[in-house]
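Treat the numbers as computed from the prediction; the structure is a model and nothing was measured.
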Amino acid sequence: GIVSNDPMFEQLLNEVKSLLSKIIDDWDKWRVDNRNDGDPDNSRITKRERKSRELFNVISDDFIPPAGTSERDKIEEWVKNLGEDAQFNFSSYGECFISENLLRNYIKDKSIAISVEAQREIDKLKLKESANKNTANLSIELRKDSDNLSYLSMDDLANLVDKVDPTKEAGLSRDAKEYKPVRDAMAHTALLTALAKTRLNLTYENIKARVKGLLSNP
């Protein structure tokens with residue numbers, strides 16, 4: 001008979017393990033592709049990607065027509081095709097939201113002065129927002145924090161805390177300048193190319209490291 005230290009037994013056992021692993025991965029992929037939660041312990045995709053996809057599934061359910069509706073199959077297919085991009089965009093927006101708001105808190109905490117250039121950008125954005133509110137017949141406040149920093153995005157914030165000569169030094173302001181075009185496209189709900197996603201990820205890793213460094217220093 002076959003014993004546990006028999007090479008044939010070991011080979012068979014490895015083949016069974018490999019097959020089971022593939023079945024588990026295929027089941028998880030099928031579940032995720034069909035807008036269901038998969039196996040939370042499966043490392044086929046990262047925890048962040050899995051949570052982003054789960055959030056997308058919950059939100060997209062609101063847009064699926066009832067069963068029996070003539071357009072249901074078509075819209076379900078549209079939603080399904082958005083899944084991969086949503087998985088990336090939801091996560092990337094979260095990174096952007098956290099890093100920019102942490103920088104705002106850092107600037108307040110360190111009492112960093114707003115530069116002339118930043119104030120010029122703030123004034124421009126305030127005028128634009130006021131005109132848009134008038135057009136929309138809105139009198140309510142839109143921003144929870146109506147201070148000046150809430151009008152500045154990553155590149156403006158970075159210039160306040162870590163401005164460097166982009167031709168000579170690595171710094172947050174340089175990273176933010178490279179980050180801005182792809183960040184803006186993503187923030188406006190565009191579907192990004194594979195190269196743009198890669199660039200966004202790589203640049204954000206630099207930004208994250210620099211923001212963490214700033215926050216860890218007293």
Side-chain angles (χ1 to χ4, degrees), residues 52-66 69-72 74-109 111-163 172-193 195-197 199-201 203-204 207 211:
S52 293
R53 183 64 77 100
E54 288 174 2
L55 177 59
F56 167 72
N57 291 341
V58 171
I59 294 173
S60 62
D61 276 344
D62 291 342
F63 294 88
I64 304 296
T69 307
S70 61
E71 298 293 292
R72 180 183 173 94
K74 179 172 68 176
I75 295 173
E76 270 197 313
E77 187 65 21
W78 289 351
V79 169
K80 181 178 177 180
N81 290 338
L82 288 173
E84 287 291 333
D85 289 288
Q87 179 176 294
F88 178 87
N89 282 34
F90 280 32
S91 174
S92 296
Y93 174 78
E95 293 172 336
C96 178
F97 173 85
I98 292 170
S99 58
E100 291 187 13
N101 278 290
L102 286 176
L103 275 181
R104 292 184 182 108
N105 285 323
Y106 176 84
I107 291 166
K108 291 177 190 175
D109 183 68
S111 300
I112 297 173
I114 293 177
S115 66
V116 173
E117 294 84 0
Q119 189 60 55
R120 191 179 299 125
E121 179 69 10
I122 290 164
D123 293 341
K124 182 179 74 174
L125 293 172
K126 280 185 174 180
L127 283 173
K128 183 178 180 180
E129 182 177 84
S130 179
N132 289 339
K133 284 175 65 177
N134 286 332
T135 300
N137 192 33
L138 284 176
S139 300
I140 61 172
E141 291 295 331
L142 302 181
R143 298 168 190 265
K144 181 178 179 181
D145 294 319
S146 57
D147 62 38
N148 286 334
L149 291 177
S150 72
Y151 289 88
L152 298 179
S153 58
M154 174 60 78
D155 51 332
D156 302 304
L157 297 168
N159 280 333
L160 294 179
V161 300
D162 189 27
K163 188 170 184 177
L172 184 59
S173 57
R174 184 174 177 181
D175 291 323
K177 185 175 182 181
E178 296 176 4
Y179 182 69
K180 180 175 172 57
V182 193
R183 175 262 191 206
D184 287 353
M186 180 268 299
H188 287 90
T189 70
L191 306 184
L192 303 180
T193 65
L195 287 175
K197 289 178 181 178
R199 183 60 180 267
L200 188 68
N201 276 337
T203 308
Y204 181 73
I207 289 173
V211 171

Test item: Arg120 and Glu117 side chains (from C-beta on) under 4.5 Å apart, heavy atoms: yes

So do the side chains of Lys108 and Leu149 get within less than 4.5 Å of each other, counting heavy atoms only? yes

Spacing of [atom1] belonging to [X] relative to [atom2] belonging to [Y], to within rounding of 0.5 Å:
{"X": "Leu172", "Y": "Asp155", "atom1": "CG", "atom2": "CG", "value": "10.0 Å"}
{"X": "Arg183", "Y": "Glu95", "atom1": "CZ", "atom2": "CD", "value": "13.0 Å"}
{"X": "Leu200", "Y": "Ser92", "atom1": "CG", "atom2": "OG", "value": "5.0 Å"}

Just by modelled atom types, is the [Y] backbone N or O under 3.5 Å from a matching donor or acceptor in the [X] side chain?
{"X": "Asp85", "Y": "Ala190", "answer": "no"}
{"X": "Thr203", "Y": "Asp175", "answer": "no"}
{"X": "Thr69", "Y": "Arg72", "answer": "no"}
{"X": "Ser91", "Y": "Phe88", "answer": "no"}
{"X": "Asp162", "Y": "Ala158", "answer": "no"}
{"X": "Asn101", "Y": "Phe97", "answer": "yes"}
{"X": "Thr135", "Y": "Ala131", "answer": "yes"}
{"X": "Lys133", "Y": "Ile140", "answer": "yes"}

Before giving the answer on side chain to side chain donor-acceptor pair (under 3.5 Å), spell out for Asn159 and Lys177 the whole-Å C-alpha distance, their side-chain angles and the decisive distance to 0.1 Å. CA-CA 9 Å; Asn159 280 333; Lys177 185 175 182 181; over 6 Å; no

Ring geometry between Tyr179 and Tyr204 (parallel below 30°, tilted from 30 to 60°, perpendicular above 60°): tilted

Arg143 to Tyr151, cation-pi by 6.0 Å centre distance and 45° axis angle: yes

Hey, are Glu100 and Arg104 close enough for a salt bridge, meaning a charged N less than 4.0 Å from a carboxylate O? yes

